[in-house]
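Numbers restart at 1 for each chain; the letters A, B, ... are given by sequence-line order, proteins then strands.
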There are 2 protein chains.
Amino acid sequence: MSATKLKDIASALGLSYSTVSRALKDNYRISEETRNRVKAYADKIKYKPNLAAQSLRNNRTRSIGVLVSNISNSFFSEVLDGIESIGYEKNYQVMITQSLESPENELKQMENLISRSVDGLLVSLCSTSNSVELLKETHLSGTPVVFFDRISALFETHKVVADNCGGSYNLTKHLLENGYKKIAHITSSPELSIAIERLEGYKKALAEYNVPFDEELVKHCLHGGMLIEETEKAVDELLKLEKSPDAIMTASDRITINTITILHNKNIAIPEKIAVAGFSNFSAPQIIAPPLTTIRQPAFEMGKMAAELLIRLIESKKPVDAFEKIILETELVVRKSTIRKR
Amino acid sequence: MSATKLKDIASALGLSYSTVSRALKDNYRISEETRNRVKAYADKIKYKPNLAAQSLRNNRTRSIGVLVSNISNSFFSEVLDGIESIGYEKNYQVMITQSLESPENELKQMENLISRSVDGLLVSLCSTSNSVELLKETHLSGTPVVFFDRISALFETHKVVADNCGGSYNLTKHLLENGYKKIAHITSSPELSIAIERLEGYKKALAEYNVPFDEELVKHCLHGGMLIEETEKAVDELLKLEKSPDAIMTASDRITINTITILHNKNIAIPEKIAVAGFSNFSAPQIIAPPLTTIRQPAFEMGKMAAELLIRLIESKKPVDAFEKIILETELVVRKSTIRKR
DNA sequence: ATAATTTGTGAAAACGTTTGCACAAATAAA
DNA sequence: TTTATTTGTGCAAACGTTTTCACAAATTAT
């Protein structure tokens with residue numbers, strides 16, 4: 001009933017463990033003949049090496065750990081899809097964990113992954129992360145770490161990100177060019193790298209079009225829109241402003257959905273009264289009322305790139321010389337939610 | 001640099017490995033005093049047992065394997081979220097793989113998980129699965145298997161499913177009661193358990209309202225709507241029918257999105273010309289044009305239940321007597337896509 | 001011919017745990 | 001007091017690999 005072992009092959013073929021082991025890895029001085037005999041027999045009895053034993057011996061698990069804030073967030077689930085596809089291709093097991101935006105969870109999950117001796121780590125930080133120190137140690141002790149999406153300024157390492165600044169610049173510019181003057185920005189926690197970068201692009205576009213930046217038009221949802229109340233508060237405050245905005249740029253899927261829902265409930269016409277557009281990896285922006293102008297991030301691609309980079313780092317013999325930073329382009333798709341009929 | 005080991009504790013405290021090991025597991029005759037001393041020191045030096053060594057020795061990995069068809073499908077990503085939440089709670093690592101609806105992938109992924117000696121398996125089969133034999137073996141060899149969502153008639157084991165039949169019955173009934181007579185059903189591969197059950201509920205409702213069942217009104221998308229073309233073909237064929245349908249009930253998120261997109265493109269008004277409703281775990285059905293009547297499955301809950309059951313099976317000493325089948329209720333939410341103004 | 005090298009294989013240690021068994025010390029029963 | 005039992009600890013084997021070292025046989029160089 002129990003699985004086949006090296007010993008089974010060895011005794012069946014009258015060889016020693018060592019010879020069998022070496023024959024299967026064909027990296028040593030084993031005669032062509034023996035090698036083939038061993039491999040044929042291993043195939044025949046469907047030998048599968050015991051991975052626990054291999055890990056114990058080799059200190060390698062052929063697995064990578066992933067930390068995201070939330071698996072079921074559509075952006076992250078696409079990223080995970082990409083990571084898994086590379087894991088499958090390169091024969092690495094992917095271990096997925098989520099922080100749920102809690103720094104305590106994040107730290108525990110990270111420790112957990114490390115104690116499972118994953119060969120590398122793929123991390124998208126939570127907004128108030130305090131696990132950077134642990135990551136530094138991990139990195140130093142030889143387990144490579146690649147950040148994606150949400151990175152940390154406190155720890156210089158390999159990174160794969162979307163061009164957040166460029167994306168929000170393009171989107172803001174699009175709004176400005178279509179005659180919107182008072183553009184609000186509802187974004188997530190101000191500590192997040194992505195929020196900072198998106199704000200930057202927004203400011204850059206405003207400056208270019210000589211529209212003064214107005215602090216009051218920027219609202220933060222500290223929970224990234226997990227709670228609709230925080231978006232509600234943001235929208236309400238915007239509507240109460242003396243000169244309330246004629247467009248809202250949102251920074252995430254959830255915030256986008258919340259904002260639209262709220263405006264619908266208040267019977268505020270989009271885009272006639274207020275235009276809406278945002279960062280989104282929504283699966284169907286075209287069937288929203290109204291079809292939504294979006295900045296789409298290459299999430300699947302990001303997962304693939306990050307996983308490929310990580311595995312490259314894992315498998316490179318020498319410690320890699322320089323940190324790589326890969327920036328992926330975003331895509332602006334204009335739909336009706338930002339186009340007023342004349 | 002390297003992690004701390006049992007030996008470190010043992011030599012620091014002048015004890016043997018065995019005593020330290022037993023003290024940490026407090027399941028043997030170790031004096032209160034020694035136990036505390038060991039634990040305190042272990043805490044102090046942040047001792048983390050080597051999991052590879054433990055697995056090798058115990059034949060347990062404290063991990064469970066999951067197979068879904070696609071991580072980024074919103075239904076599955078919610079399920080995964082649920083599974084992960086229980087895994088975290090019970091301290092099991094979750095290893096997620098996807099079949100991408102390919103039986104070959106499915107089999108490979110399954111073998112992979114098994115060779116990693118996961119303690120149990122959580123499986124949602126792909127439509128033309130041929131890995132049931134392997135699962136049977138696995139089950140017999142003592143690794144429990146729990147099916148969720150898409151189950152197999154060929155293998156009797158533990159199951160967690162939504163009430164697909166009841167759900168589609170309710171939805172069909174809702175349509176019938178709102179005056180729709182010719183209700184089409186666009187569903188996925190006819191081999192899938194969920195498709196079979198949903199068709200059944202549909203037929204049951206029709207029969208109850210004395211509407212004859214019409215084979216021509218049922219269309220299958222073999223790839224579950226991954227390719228928009230297959231939905232396009234289905235819709236086209238329906239529209240070409242002598243008496244084309246006045247309502248369409250869709251069986252999955254992707255098919256729903258595709259159908260709505262296609263009808264929009266053809267300028268066919270929903271629900272005035274054709275009503276649309278479907279099974280969906282879309283994150284925002286309320287902001288679709290028009291707001292979508294849906295049957296929502298308790299995906300997160302399903303993941304939790306399945307994971308809890310599996311872990312219970314893993315940790316129960318005796319082989320469990322009977323197979324459990326948990327059926328979760330679905331929720332019908334009526335919105336404008338099925339309500340005609342009078 | 002002998003010496004040096006190459007080639008193929010095996011013995012055994014190591015990776016870090018857990019656990020059956022043995023055994024001494026302390027306690028309880030006779 | 002002697003014997004039986006309980007209590008606390010240590011030794012050593014086992015889990016299934018990989019790999020260093022050793023060594024015999026075959027080949028090549030001298």
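Atom P of nucleotide D/dT18 and atom CG of A/Leu51 are separated by 10 Å, given to the nearest angstrom. For the pair A/Ile9 CD1 and D/dG16 C1', the interatomic distance rounds to 12 Å; values are reported in whole Å. The CZ atom of A/Arg37 sits 14 Å away from the P atom of C/dG8 (whole-angstrom rounding). As rounded to whole Å, 17 Å separates atom P of D/dT17 from atom CG of A/Asn59. Between the NZ atom of A/Lys48 and the P atom of D/dC15 there is a distance of 21 Å, rounded to whole Å. Across the protein-nucleic acid pair, B/Leu56 atom CG and C/dT19 atom P stand 13 Å apart, rounded to whole Å. Atom CZ of B/Arg116 and atom C1' of D/dG16 are 16 Å apart (whole Å). Rounded to a whole Å, the NZ atom of A/Lys7 is 15 Å from the C1' atom of C/dA12.
Taking only side-chain nitrogens and oxygens, A/Gln54 never comes nearer than 4.0 Å to OP1 or OP2 of D/dG16. Contact between the side-chain N/O atoms of B/Lys25 and the OP1/OP2 oxygens of C/dT18 is found at a separation under 4.0 Å. Under 4.0 angstrom from either OP1 or OP2 of C/dG10 there lies at least one side-chain N or O belonging to A/Ser16. Between B/Tyr17 and D/dA14, a side-chain N or O to OP1/OP2 separation shorter than 4.0 Å is absent.
Where B/Leu15 and A/Leu6 each meet DNA chain D at their nearest nucleotide, the meeting point lying more 5' is that of B/Leu15. For the pair B/Ser18 and B/Asn50, both in contact range of DNA chain C, the more 5′-proximal nearest nucleotide belongs to B/Asn50.
Under the rule for a side chain to side chain donor-acceptor pair (under 3.5 Å), B/Tyr41 has no partner lying at least two apart in sequence or in another chain.
More than 12 heavy atoms of other residues, nucleotides or ligands lie within 6.0 Å of CZ in B/Phe300, so this atom counts as buried by the packing criterion.
Backbone-only engagement by A/Ser31 is indicated by non-hydrogen atom pairs under 4.0 Å involving sugar-phosphate atoms exclusively. Counting any heavy atom pair closer than 4.0 Å across all strands shown, B/Thr34 reaches sugar-phosphate atoms only and no base atom. Backbone-only contact: B/Asn58 has heavy atoms under 4.0 Å from sugar-phosphate atoms and none from a base.
For B/Ser21, taking side-chain heavy atoms from C-beta onward, the closest of the listed nucleotides C/dG10, C/dT19, D/dT17 is C/dT19.
Ion pairing of B/Lys304 with B/Glu301 is absent here, as no side-chain N (NZ or NE/NH1/NH2) approaches a carboxylate O to less than 4.0 Å. Between B/Glu133 and B/Lys136, at least one side-chain N (NZ, or NE/NH1/NH2) sits under 4.0 Å from a carboxylate O, which counts as a salt bridge.
Side chain B/Arg57 to base C/dT17: no donor-acceptor pair is found below 3.5 Å. Residue-to-nucleotide contacts include a donor-acceptor pair under 3.5 Å from the side chain of A/Arg22 to the base of D/dT20.
Residue pairs meeting the salt bridge (charged side-chain N to carboxylate O under 4.0 Å, His left out) criterion with at least one partner in residues 96-121 of chain A, sequence neighbours excluded, are A/Arg60-A/Asp119, A/Glu101-A/Arg150.
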